[in-house]
There are 2 protein chains.
Amino acid sequence: MPLLDHPDAKAFLLHWGEMGTQWGVNRSVSQVHALLYLSHHPLPADEIVEQLGLARSNVSTALKELQGYGIVRRVHVEGDRRDHFLAELDLWEMLTRIVAERKRREIDPTIALLNELAQRMAQDESAPPHVRERITRMHEFMSTLGNWYEQVRVLPKPTLVTLMKLGGKIARFLPGSKDKP
Amino acid sequence: MPLLDHPDAKAFLLHWGEMGTQWGVNRSVSQVHALLYLSHHPLPADEIVEQLGLARSNVSTALKELQGYGIVRRVHVEGDRRDHFLAELDLWEMLTRIVAERKRREIDPTIALLNELAQRMAQDESAPPHVRERITRMHEFMSTLGNWYEQVRVLPKPTLVTLMKLGGKIARFLPGSKDKP
DNA sequence: TATCAATTTCTGTTTTTACCGAAGAAACTG
DNA sequence: CAGTTTCTTCGGTAAAAACAGAAATTGATA
């Protein structure tokens, strides 16, 4: 019995699909992801095609994309020659992988470009000073964020969870703070 | 002399425009933003039209959108009847506003939906247990992140900067850590 | 290594989104 | 209050993205 017969499951899937489009991911990709996330066993491509009513080729592309993010993986199912696909169920893991991949694809190249522009403009007499300064600022800003992220991402997961639970209280532990608990 | 005559300024603007599309913002909007960010004085809509070669109407829409994010504001220029527009130059401020607005537009409604679905399924005998559990998990996860964000966003900016500079070292200050500096 | 199922790539079509120009509304000037 | 100027809204069109189906490739099995 198809998973999506249940109206709430379907509602989730449709909403997830729309969310995707708002963040620059195509609807098929995010729908496939939603379906796999809700499924309790790995699904072969065919079944995804059936349940979502997408073209086979489309599903293939979506799966490849999701594997690129590292949030879906291929698994072998005993006695079946077809590939089956399984979504990452640990949501924290899922999030960190998506963020890591988007940084790699979009943020890192942007920082690289800004670096190049800033360096070239530093030598360039004809460059308007405001423009030079603002591009440099943007470069510094994004680099700072990037470096922060690289440091935080390697912290052990339990540490991250602790930090998350602390929320705003984290400020109390800062060196200069008079407001210890 | 038009700002975009300089090739590096233009490169920035074009890249920024593409970045936008990748994150679900239309190209015109992000280009207008880039132009205002690089400009050292407020620009009237006409001039944006001229420099970017967009339709007047399009620029109007883009400006409205950017004002919706709170990263561009209208200013009055002495002796000119037209509205002029100015981009937020503090990049930290810019980022927090964008994040706040996207949360408001996309994350909050998602959490609301997940909440609704989770609640309904809790009563619903026909709901497959896996589905119920996974939707509930997703709801909890996003709520946790949302609450964390709400706490952190209200911290004073200097505190945030300190936290950012600490990077991974923040872990040293956690209660259980043996690894004090 | 030949066969066949499964998967991916390619190409043309459909759907969606972005965008322009025209018309309307609002704000200001003399 | 008539005439301008500026700004926004709307409907149609152009551009881009998503998608389906056919063709090609891969890879497992015997």
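Owing to the predicted nature of the structure, the values given are computational and were not obtained by experimental measurement.
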Could [X] and [Y] be called an ion pair, given the rule that one side-chain N must be under 4.0 Å from one carboxylate O?
{"X": "A:R153", "Y": "A:E150", "result": "yes"}
{"X": "B:R120", "Y": "B:E116", "result": "yes"}
{"X": "B:E93", "Y": "B:K157", "result": "yes"}

Heavy-atom neighbours of A:R73 CZ exceed 12 at 6.0 Å: no
A:K103 atom NZ, over 12 foreign heavy atoms within 6.0 Å: yes
Euclidean distance, atom CG of residue A:L43 to atom P of C:dA6 [Å, nearest integer]: 15 Å
Integer-rounded Å distance: C:dT16 C1' and B:N26 CG: 13 Å
Geometric class of the A:F141/B:W92 ring pair [parallel <30°, tilted 30-60°, perpendicular >60°]: perpendicular
Sequence-distant partners of A:R74, salt bridge (charged side-chain N to carboxylate O under 4.0 Å, His left out), two or more places apart: A:D83
Contact interval (first through last nucleotide) of DNA chain D with protein chain B, 4.0 Å heavy-atom: D:dT4 to D:dT9
Letter per nucleotide, 5' to 3', of nucleotides 20-30 of chain C [B base touched, S only sugar-phosphate touched, - untouched; heavy atoms, 4.0 Å]: BB------SS-
Touch class at under 4.0 angstrom, heavy-atom based, for A:D83 against every strand present: sugar-phosphate
Contact under 4.0 Å: A:K64 side-chain N or O vs C:dT9 OP1/OP2: yes
Can you list, pair by pair, the side-chain donor-acceptor contacts under 3.5 Å of residues 54-69 of chain B, counting residues two or more places apart and other chains?
{"unit_1": "B:N58", "atom_1": "ND2", "unit_2": "B:S28", "atom_2": "OG", "d": "3.4"}
{"unit_1": "B:T61", "atom_1": "OG1", "unit_2": "B:S57", "atom_2": "O", "d": "3.0"}
{"unit_1": "B:E65", "atom_1": "OE2", "unit_2": "B:R105", "atom_2": "NH1", "d": "3.1"}

A:R27 to A:W16, cation-pi by 6.0 Å centre distance and 45° axis angle: no
For A:R137, side chain to side chain donor-acceptor pair (under 3.5 Å) partners two or more places apart: A:E133
Under 3.5 Å: donor-acceptor pair, side chain of A:N147, backbone of A:S143: yes
Terminal helix-axis angle for the helix from C:dT1-D:dA30 to C:dG30-D:dC1, with five pairs defining each axis and rounding to 10 degrees: 30°
Pairwise 5' ranking along DNA chain C for A:P44 and B:V25, keeping only the more 5' one: A:P44
